[in-house]
Number of protein chains: 2
Amino acid sequence: MQAVDSRFLESMLGYNARRASLVILGHFVEGMADFALGPVDFSVLSLVRHNPGITSRQLCAALSILPPNVVGLVSALEQRGLLKRKPHPHDGRAVGLHLSAAGETLTKAAEAKAEALENEAAANLNASDRKTLMRLLQKVYL
Amino acid sequence: MQAVDSRFLESMLGYNARRASLVILGHFVEGMADFALGPVDFSVLSLVRHNPGITSRQLCAALSILPPNVVGLVSALEQRGLLKRKPHPHDGRAVGLHLSAAGETLTKAAEAKAEALENEAAANLNASDRKTLMRLLQKVYL
DNA sequence: TATTGTTATACTCTATAACTATA
DNA sequence: TATAGTTATAGAGTATAACAATA
């Protein structure tokens with residue numbers, strides 16, 4: 001197959017960010033198969049772990065997902081016995097999310113695995129490059 | 001709404017790359033509405049422009065999309081009169097893609113618009129930062 | 001009146017299997 | 001037999017509208 005001139009697209013930030021994120025995501029999904037967790041599942045569990053009592057609404061804001069789509073996500077994790085819904089202490093409308101003991105164990109292990117996958121995905125980058133890359137990406141989206 | 005501790009996720013390369021690419025993509029889609037082109041439509045047209053006679057298969061490889069999904073994409077652009085299929089000179093199975101005059105005009109304008117959007121999306125980055133960001137992203141996915 | 005969580009639903013994107021015609 | 005393009009289809013992911021309960 002003949003070579004393709006992709007120089008224009010490769011000069012675009014969006015193209016590069018998308019390609020990189022697809023590669024990293026693919027690697028993540030593959031490595032996280034042991035835990036049967038998708039990237040969003042993992043993000044939800046990790047956020048609940050570090051923010052016990054977090055609400056659906058806060059998850060939506062933190063992950064840029066929409067309320068109707070968080071319902072099935074949380075229900076599935078609840079059905080697997082990984083997290084629990086508890087009534088919110090100050091707001092009768094809201095529901096606080098908490099990890100079960102099993103959820104705590106699995107999430108901790110999944111976070112360790114995520115960090116290992118991270119190191120593999122960034123194998124071509126030294127520590128300084130990686131720090132710089134993070135900082136610049138955050139400058140774009142924050 | 002209370003603040004959420006996202007420090008763990010923010011320490012992950014995949015999370016940052018995805019967030020950044022979503023922001024850039026959103027900005028791109030919004031600004032490209034004048035041309036009625038999605039990100040992939042734009043990428044296809046731009047690749048055809050710089051690689052006249054490119055095949056579906058080459059598009060798939062260059063953009064990480066699958067053959068069945070390129071069919072409707074190309075058909076729609078063909079129906080809008082932006083590109084044409086021509087028999088491949090050396091391979092009877094393949095079809096070469098070429099821009100029409102209208103496609104050439106629109107793609108050139110869309111590329112200019114894309115570069116303008118690019119500058120807006122990277123407004124928080126100076127020239128040096130932007131170059132560095134590109135280089136590091138390519139180190140991840142190439 | 002505004003917000004939280006929810007249901008139902010639709011639309012887009014992406015993925016797999018199988019066919020045809022050429023090589 | 002292998003590859004290019006295609007069809008049909010299934011599954012994620014993402015989107016909007018509307019509702020009940022609570023603020």
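The chains referred to below are lettered A, B, ... by the order of the sequence lines, with proteins before strands, and numbering in each begins at 1.
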Taking atom [atom2] of [N] as reference, at what distance in whole Å does atom [atom1] of [X] sit?
X: A:Arg18; N: D:dG13; atom1: CZ; atom2: C1'; result: 14 Å
X: A:Leu22; N: C:dT14; atom1: CG; atom2: C1'; result: 11 Å
X: B:Asp41; N: C:dT12; atom1: CG; atom2: P; result: 12 Å
X: A:Glu78; N: C:dT6; atom1: CD; atom2: C1'; result: 14 Å
X: B:His88; N: C:dA23; atom1: NE2; atom2: P; result: 11 Å
X: B:Leu25; N: D:dA15; atom1: CG; atom2: P; result: 11 Å
X: A:Leu66; N: C:dT9; atom1: CG; atom2: C1'; result: 14 Å
X: A:Leu73; N: C:dT7; atom1: CG; atom2: P; result: 14 Å

Step-by-step side chain to side chain donor-acceptor pair (under 3.5 Å) determination, B:Thr132 to A:Arg135: CA-CA 11 Å; B:Thr132 302; A:Arg135 183 175 58 78; over 6 Å; no
Residue pair B:Arg130 / B:Asn124, side-chain donor-acceptor N/O under 3.5 Å: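 Looking only at side-chain atoms, B:Asn124 and B:Arg130 do not form any donor-acceptor pair under 3.5 Å.
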N/O contacts under 3.5 Å, protein versus nucleotides 5-9 of chain D?
from	atom 1	to	atom 2	distance (Å)
D:dG5	OP1	B:Ser56	N	3.4
D:dG5	OP1	B:Val95	N	3.2
D:dG5	OP1	B:Val95	O	3.3
D:dG5	OP2	B:Ser56	N	3.4
D:dG5	OP2	B:Arg57	N	2.7
D:dG5	N7	B:Arg57	NH1	3.4
D:dT6	OP1	B:Arg85	NH1	2.2
D:dT6	OP2	B:Arg85	NH1	3.4

Ring center gap for B:Phe28 and B:Phe42 short of 6.0 angstrom: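 Yes: the rings meet the under 6.0 Å criterion.
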Straight-line distance of B:Leu66 CG to B:Ser56 OG, nearest 0.5 Å: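 So the gap between those two atoms works out to 12.5 Å.
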Salt bridge flag under 4.0 Å for residues A:Lys84 and A:Glu78: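 Salt bridge flag = no for A:Glu78 with A:Lys84.
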Residues A:Glu10, A:Arg19: salt bridge by 4.0 Å N-O rule: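 No salt bridge links A:Glu10 with A:Arg19.
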